[in-house]
Protein chains: 2
Amino acid sequence: MGGEAERRTTRLDDLIQVERDMLDKVGDLPIDLEALVLVSNLHRTVAAIRREFEKTVLAEVRLSWTAFTVMWVLWIWGESETRELANEANVTKGTLTGVVDTLEKRGLVERRRRSRDRRLVAVKLTDAGTLLIADVFPRFNVEEQRVASLLTSRQRTAMVEGLRRILRELGT
Amino acid sequence: MGGEAERRTTRLDDLIQVERDMLDKVGDLPIDLEALVLVSNLHRTVAAIRREFEKTVLAEVRLSWTAFTVMWVLWIWGESETRELANEANVTKGTLTGVVDTLEKRGLVERRRRSRDRRLVAVKLTDAGTLLIADVFPRFNVEEQRVASLLTSRQRTAMVEGLRRILRELGT
DNA sequence: TCGCTGTCGTTCGGTGCCAAACGTTACGCT
DNA sequence: AGCGTAACGTTTGGCACCGAACGACAGCGA
């Protein structure tokens, strides 16, 4: 809470509480505060969204965020091989093995070893899995719309473009 | 890949590959694609940032993202009680117990039971911990600047404001 | 003073997540 | 044909993460 009352064009009461706390404490260190706020708010936001979704839409069908993502990819893409699926769901092969194990136990997906090349394993939705994802995805998207609707059109555009830029740089 | 070649003002080659794949497949479903892209890119981006940081700056000092956050909070705030610390680091109390266990084993933080109210536990940095975070934090911030510098000034502002908006709504 | 009630940090069970090591299978080269 | 190399999915070890259940403790009211 230094003497510098007005920082840039941002009014103090626009900040969330966590940021105010931070500025009070770190305001005089030689660091880039905007970058710090950007990255830390990105993390906070994503965690909040994930928790929210897992507590509402996904809880109703007992799916974790990642399990949902995997099923969604399978729904859109159809039968896929493990490494493609892992890549698309943004996890490692090792992680995917576990997730598919779980989904397979619930009878939502099934594995099939390729006879052409026996190193490969194809994963696909079962009928039950297809029913489930077709039911839950629209409701999931409604929640996404709720989040997106909090932003102005300009903010949405800027944010999506910014995210794409970062992803491209860090390697999708 | 429907007939609608030009969607909004976004040129196709602005999209990252994953999005192009998605549009090909889901383009005719009655859902809000912009919201879907926003939320999924938020997740992808945060995961990418986290992996990147954990592989570079944080790997050098063998800290996970969360462990780093906890130490940073302790550095800025000084000695804190468990539930405050958990809240500030954006994890549950249960998770924090584990993280503090790990840090304590490495001699970077220490616990002290409050005598005034013996339910409470105060956590603070050791000297070694203080040295470590003072060393690594500036380098961490340099990486944050690298990310932030990928965006235009307008994008940065819009993004930070948008994130604040979402956080406020979902409950910081 | 003795319970009641609520809050504290910890523990527990289950999943997610990664990197590295591993066994299996395919394939190119000699 | 047979060997080396590389790519596949799985396993392993370790931490992160959550919600729920738990025991310890403080504070209030009868």
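Protein chains get the first letters and strands the later ones, always in sequence-line order, with residue 1 at the start of each.
Phosphate contact (OP1/OP2 of C:dT10, side-chain N/O of B:Arg111, threshold under 4.0 Å): present. In this model, the phosphate group of D:dG9 is approached by a side-chain N or O of A:Arg83 to a distance below 4.0 Å at OP1 or OP2. The side chain of B:Thr97 contributes no N or O atom lying less than 4.0 Å from OP1 or OP2 of C:dT11. Taking only side-chain nitrogens and oxygens, B:Thr95 never comes nearer than 4.0 Å to OP1 or OP2 of D:dC17. For the pair A:Arg50 and C:dC17, the criterion of a side-chain N or O lying under 4.0 Å from OP1 or OP2 is met. The shortest distance between the side-chain N/O atoms of B:Arg51 and the OP1/OP2 oxygens of C:dC18 is below 4.0 Å.
A donor and an acceptor atom never sit less than 3.5 Å apart when one is taken from the side chain of A:Arg119 and the other from the base of C:dT24.
Between B:Trp65 and A:Asp101, it is A:Asp101 whose nearest contact on DNA chain D lies nearer the 5' terminus. Mapping A:Gly94 and A:Lys55 onto DNA chain D by nearest heavy atom places A:Gly94 at the nucleotide closer to the 5' end. With DNA chain C read from its 5' end, the first of the two nearest nucleotides for B:Arg113 and A:Gly98 is the one closest to B:Arg113.
If you check every strand for non-hydrogen atoms under 4.0 Å, A:Thr82 touches sugar and phosphate atoms only. Note on A:Ser64: only backbone sugar-phosphate atoms sit closer than 4.0 angstrom, heavy atoms only; bases stay farther off.
Relative orientation of the A:Phe68 and A:Phe140 rings is parallel, given thresholds of 30° and 60° on the angle between their planes. Between A:Trp65 and B:His43, the ring-plane angle classifies as parallel under the 30° and 60° cut-offs.
The side chain of B:Thr102 sits closest to D:dA16 out of C:dG9, D:dA16, D:dC25. Between D:dC25, C:dC18, D:dA16, one nucleotide has an atom nearer to the side chain of B:Arg118 than all others, and that is D:dC25. Picking from D:dG9, D:dC25, D:dA16 the nucleotide with the shortest atom distance to the side chain of A:Val121 gives D:dG9.
Taking 4.5 Å as the limit, some side-chain heavy atom of A:Leu125 sits within range of a side-chain heavy atom of A:Met71.
Rounded to an integer number of Å, the gap from A:Lys93 NZ to D:dG9 C1' is 6 Å. The distance from atom CG of A:Leu96 to atom P of C:dC17 is 10 Å, rounded to the nearest whole Å. When the C1' atom of D:dG9 is taken as reference, atom CG of A:Asp117 falls 11 Å away, rounded to whole Å. Taking atom CZ of residue B:Arg114 and atom P of nucleotide C:dT7, one finds them 19 Å apart after rounding to whole Å. To the nearest angstrom, P of D:dA7 lies 16 Å from CD of A:Glu84. Rounded to whole angstrom, the span from the CG atom of A:Leu58 across to the P atom of D:dC18 amounts to 15 Å. We find that NE2 of A:His43 is positioned 13 Å from C1' of D:dA16, with the value rounded to whole Å. One interatomic measurement links the two molecules: CZ of A:Arg62 to P of C:dG13, which rounds to 19 Å at whole-angstrom precision.
The bend of the helix from C:dT1-D:dA30 to C:dT30-D:dA1, defined by the angle between the axes of its first five and last five pairs, stands at 10° to the nearest 10°.
Classification of A:Arg114 and A:Glu79 as a salt-bridged pair holds, one side-chain N sitting under 4.0 Å from a carboxylate O. A:Glu161 and A:Arg165 are not joined by a salt bridge, as no carboxylate oxygen comes within less than 4.0 angstrom of a charged side-chain nitrogen.
Put simply, the side chain of A:Glu84 gets close to the backbone of A:Glu81: a donor and an acceptor are under 3.5 Å apart.
Between the side chains of A:Thr66 and A:Thr69, no donor N or O sits under 3.5 Å from an acceptor N or O.
The environment of CZ in A:Arg112 is sparse: at most 12 heavy-atom neighbours from other residues, nucleotides or ligands sit within 6.0 Å.
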